[in-house]
Colleague: 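I have a structure I would like to understand better, so I am pasting it below and will then ask my questions one at a time.
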Amino acid sequence: MNPYAYIREQVVAMIDVLADDGILPAGMDFANLAVEAPRDPSHGDVATNAALVLTKQAKMKPRDIAAPLAGRLAGLEVVEAAEIAGPGFINLRLADDFWRERLKDVLGTGTAYGDSQLAAGEKINVEYVSANPTGPLHIGHVRGAVYGDALATLLAKVGYDVCKEYYINDAGAQVDVLARSVHLRYREALREDVGEIPEGMYPGDYLIPVGQDIAKRDGDKWLGLAEAEWLGEFRRLSVDAMMDLVRADLASLGIEQEVFFSEQSLHLEGGIDSALAALRDKGLIYTGVLEPPKGKTPDDWEPRPQTLFKASQFGDDVDRPLQKSDGAWTYFAADIAYHHDKVERGYKQMVDVWGADHGGYIKRMNAAVRALSNDQGHLDVRLCQMVRLLRGGEVVRMSKRAGNFVTLRELVDEVGRDVVRFMMLTRKNDAPLDFDFQVAMEQSKDNPVFYVQYAHARIHSVLRRVGDELPDLAVDPESLAKSDLGRLTDSAEMDLIKHMATWPRAVEIAAQAREPHRIAFYLNELASDFHALWNKGNAEPGLRFIMPEDAGTTQARLALIQGVAFVLASGLAIIGVEPVDSM
RNA sequence: GCGCCCGUAGCUCAGCUGGAUAGAGCACCAGAUUCCUAAUCUGGGGGUCACAGGUUCGAGUCCUGUCGGGCGCACCA
């Protein structure tokens, strides 16, 4: 049960009762009515702004609404006290037994605690990474990969039917360059001296085995032919090889996407034609001449008629070209077709995760989705800012020259998958992030991953050791849930339960905001509460978890910390980090 | 010139979509270990929420403007 949602139901019910009694008007709108944990714990367990929110609709002073409402709420069995405070807040203190029941909720649901049906099974498509298939993933891709993956898991947790997707940019000129680079490596594999890899080609060593494989399979079949003879085949083979590389990179982070959608297929299989036909039917495509961008006219600007999409009709600044000067489709045209395909597949909710440098592209893509879906579809583009790599506070220099950037794999190999995933979520996605190798490797509370995992490990350490003192005590979750939780009376213990009880709400808030970093912050707080209680047991032996002479209290305390372990594991699962049992 | 993001403690950042006296961590200072992992914890000082207006019961949060920083600005992807 989500206690805040429960209390909100009670508040609304009591307002209805007061309306029946003629004390309040009937039929008021409760949209802004909130029941939350107050920031200041001295204000009680939960607070509602009901009286403040309704003051206008009821045409009454906040306190005149609050007084009868608080009186009614005070009559509820779970409510220990109801007070009116400040401008008209109603602060409620709930019975300890009510909170102890919440701990039973946790123990009964385990790591599924926090799951909800908020989204009621609605389909949603989350597209992320979508790096060009020209080489291994590098540091620039990692954040979007982790963010997108965690977001997908988070959305699934609140009841979305999530599809995780990757768009393969396998149609542009850079794929031709890739194919030519591989052809060079192919010739090299056949013992031809190709010398230095020329400027403008991809020089990376990762292309060597691709060329070798083709040589092994086809021998000299592609030698001495005109480029047009081999380019298509080399593109196909190269992209396949690069996507294998990409998938392996993603797998090293524990990421597995379900759909890999080829841009090239849109060109070859009529996807672009049908998407643009759909727009043309709506009268949204025309031929026109664009104004040069103000303030910064490109040197080679020349006004000429272009095929344009009426993006400006859907909130974009200008209409956007669909064809290049050589007649080929623009990237945007293919992207329209791609999102058209998503709409056709039944997605009304779509999330695209992009790098911040693509921010200028959002308006046109939103415009396209609105146009394609008759305003039924909604695209939410989430931007990820840069990651700056540091080592002991010093910036790790990376030049653009190939081979000199830090790859995803190097990062994962050095600090480990869990650390990478957690650290990438310690900042809001649209804020720049510093990733310090040294901190990431530290085993101290400076390292948030360590801090949270350490709490989880400590709990399991206690669960392992209790058998030494109380060999007959049942410590499985079912037995713990049936233990005498009334033994939990210390304020630190109750605070921990109350903190756990906010977990379902925290998950919903994070999902609605589409900000998985909030999960990481929550976990840090919960871990902190747990570490504090642990240390309280150092100072006051009567508060230790294992009390050899008191099996009942021990069992109740184990119930408490098992609950914490479940919530920590539940949150770590969203982030994609392993909850370790020992360290 | 235009558009988007951002500006919160000395530093790095949260702030539950408008709630009560704005919070953490780092750093600094002072403490806790015969004891379930001290790999941890407790306490302390530190703020014109960039600035100026506006909206309302109430603004770090919403609107307008100014200043400062980042990204982008036909046909590349």
Side-chain angles (χ1 to χ4, degrees), chain A residues 32 34 36-40 43 47 49 52-53 55-56 61-62 85-89 91 132 169 171-175 263 289-298 300-304 306 308 316-318 320-326 328 330-332 334-335 355-363 383 385-386 426-428 430-434 439 442-448 450-451 454-455 457-459 461-466 468-469 502 505-506 508-510 512-513 515 517-518 521-522 524-525 528 531-539 541 544-547 557 561 582-583:
Chain A
N32 294 324
E36 295 170 333
R39 275 185 196 159
D40 185 343
H43 290 146
N49 60 359
L52 296 162
V53 168
T55 180
K56 207 171 249 175
K61 289 180 187 166
F89 288 99
N91 294 331
N132 291 337
N169 300 129
Q174 90 279 359
V175 182
E263 178 190 1
V289 180
L290 286 177
E291 297 281 310
K294 283 178 182 141
K296 195 190 168 186
T297 308
D300 56 346
W301 173 270
E302 49 176 290
R304 60 177 191 84
Q306 288 177 299
L308 300 171
D316 199 357
D317 308 314
V318 291
R320 302 293 180 177
L322 300 170
Q323 273 180 307
K324 305 184 212 172
S325 46
D326 65 359
T330 60
Y331 181 80
F332 181 48
D335 223 352
D357 54 341
H358 288 67
Y361 201 78
I362 294 176
K363 281 188 182 178
L383 298 179
Q385 273 288 352
M386 303 278 295
T426 52
R427 289 282 176 276
K428 204 162 32 178
D430 58 1
L433 181 146
D434 285 349
V439 173
E442 240 167 69
Q443 305 220 322
S444 75
K445 65 174 303 183
D446 292 350
N447 179 342
F450 171 82
Y451 187 70
Y454 183 40
R458 271 183 153 176
I459 291 168
S461 163
V462 173
L463 292 170
R464 276 192 305 272
R465 298 193 53 148
V466 68
D468 299 344
E469 304 285 352
T502 66
R505 177 81 185 121
E508 286 183 3
I509 288 168
Q512 277 165 342
E515 292 182 348
H517 76 278
R518 292 176 193 250
F521 279 88
Y522 176 94
N524 251 306
E525 289 167 12
S528 171
H531 287 308
L533 181 60
W534 177 292
N535 271 74
K536 213 171 166 183
N538 282 341
R544 289 192 197 154
F545 303 125
I546 299 175
M547 307 288 287
R557 288 185 180 157
I561 63 173
S582 65
M583 307 183 69

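Just so we're on the same page: letters track the sequence lines, and every chain starts at 1.
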Colleague: Take atom C1' in B:G53 and the same atom in B:C67, then report the distance between them in whole Å.
Modeller: 15 Å
Colleague: For A:E508 and B:U17, give me the distance from atom CD to atom P, rounded to whole Å.
Modeller: 12 Å
Colleague: Once each nucleotide of nucleotides 2-8 of chain B is scored for protein heavy atoms under 4.0 Å, what B/S/- sequence comes out, 5' to 3'?
Modeller: -S-S---
Colleague: In whole Å, what is the span from the CZ atom of A:F521 to the C1' atom of B:G15?
Modeller: 10 Å
Colleague: Please state how far atom OH in A:Y331 lies from atom P in B:A74, giving the value in whole angstrom units.
Modeller: 17 Å
Colleague: Find the distance A:H517:NE2 to B:A14:C1' and express it as a whole number of Å.
Modeller: 7 Å
Colleague: Can you tell which of B:C75, B:C16, B:A74 lies closest to the side chain of A:I509?
Modeller: B:C16
Colleague: Does the A:N447 side chain pair with the main chain of A:E442, one donor and one acceptor, at a distance under 3.5 Å?
Modeller: yes
Colleague: Which label fits A:F521 and A:H517: parallel for a plane angle under 30°, tilted from 30 to 60°, or perpendicular past 60°?
Modeller: perpendicular
Colleague: Applying side-chain contact (heavy atoms from CB on, under 4.5 Å), run through A:Q306 and A:L290 and close with a yes or a no.
Modeller: CA-CA 8 Å; A:Q306 288 177 299; A:L290 286 177; 3.6 Å; yes
Colleague: Only counting residues at least two apart or in another chain, list the ones meeting salt bridge (charged side-chain N to carboxylate O under 4.0 Å, His left out) with A:R505.
Modeller: A:E508
Colleague: What residues, two or more places apart in sequence or in another chain, satisfy side-chain contact (heavy atoms from CB on, under 4.5 Å) together with A:P303?
Modeller: A:V289, A:W301
Colleague: Would you say the side chain of A:F545 lies within less than 4.5 Å of the side chain of A:V466, judging by non-hydrogen atoms?
Modeller: no
Colleague: Start with the C-alpha distance between A:D468 and A:I546, add both sets of side-chain angles, then the distance that settles side-chain contact (heavy atoms from CB on, under 4.5 Å), and finish with yes or no.
Modeller: CA-CA 10 Å; A:D468 299 344; A:I546 299 175; over 6 Å; no
Colleague: Please figure out whether A:H358 or A:T55 has its closest RNA chain B nucleotide nearer the 5' end.
Modeller: A:T55
Colleague: Going by the rule side chain to side chain donor-acceptor pair (under 3.5 Å), which residues pair with A:N49 if we only count those two or more places apart in sequence or in a different chain?
Modeller: none
Colleague: Roughly how many Å is it from CZ in A:F332 to C1' in B:A74, rounded to a whole number?
Modeller: 13 Å
Colleague: Roughly how many Å apart are B:C71 and B:G58, using the P atom of each and rounding to a whole number?
Modeller: 40 Å
Colleague: Between A:R427 and A:E302, who's closer to the 5' end of RNA chain B by nearest nucleotide?
Modeller: A:R427
Colleague: How does each nucleotide of nucleotides 20-38 of chain B score, in 5' to 3' order, for protein heavy atoms under 4.0 Å: base (B), sugar-phosphate only (S), or none (-)?
Modeller: B-----S--------BBBS
Colleague: From B:U17, B:U42, B:U40, pick the nucleotide closest to the side chain of A:R505?
Modeller: B:U17
Colleague: Under the 3.5 angstrom rule, does the side chain of A:R518 hit a backbone N or O of A:A506 as a donor-acceptor pair?
Modeller: no
Colleague: Would you mind reading off the distance between A:N32 atom CG and B:U17 atom C1', rounded to a whole angstrom?
Modeller: 11 Å
Colleague: So A:Y361 and A:F332, would you call those rings parallel, tilted or perpendicular, with 30° and 60° as cut-offs?
Modeller: perpendicular
Colleague: Between A:Q443 and A:Y454, is there a side-chain heavy-atom distance shorter than 4.5 Å?
Modeller: no
Colleague: Whole Å only: how far is the CD atom of A:E263 from the P atom of B:A77?
Modeller: 8 Å
Colleague: Quick one: which of B:A14, B:C16, B:U42 gets closest to the side chain of A:A532?
Modeller: B:U42
Colleague: Please confirm whether the backbone N or O of A:N169 pairs with a side-chain atom of A:Q174, one donor and one acceptor, at under 3.5 Å?
Modeller: yes
Colleague: On a whole-Å scale, what distance lies between the C1' atoms belonging to B:G60 and B:C13?
Modeller: 14 Å
Colleague: Could you please name the option among B:A39, B:G19, B:A74 that lies closest to any side-chain atom of A:N49?
Modeller: B:G19
Colleague: For B:G47 versus B:U21, give the span between their C1' atoms, rounded off to a whole number of Å.
Modeller: 13 Å
Colleague: Whole angstroms only, please: what is the CG-P distance between A:N524 and B:C16?
Modeller: 18 Å
Colleague: Given a 3.5 Å cut-off on both pairing distances, which stems involving RNA chain B, each at least three consecutive Watson-Crick or G-U pairs, are present, if any?
Modeller: B:1-7 with B:67-73, B:10-13 with B:23-26, B:28-32 with B:40-44, B:50-54 with B:62-66
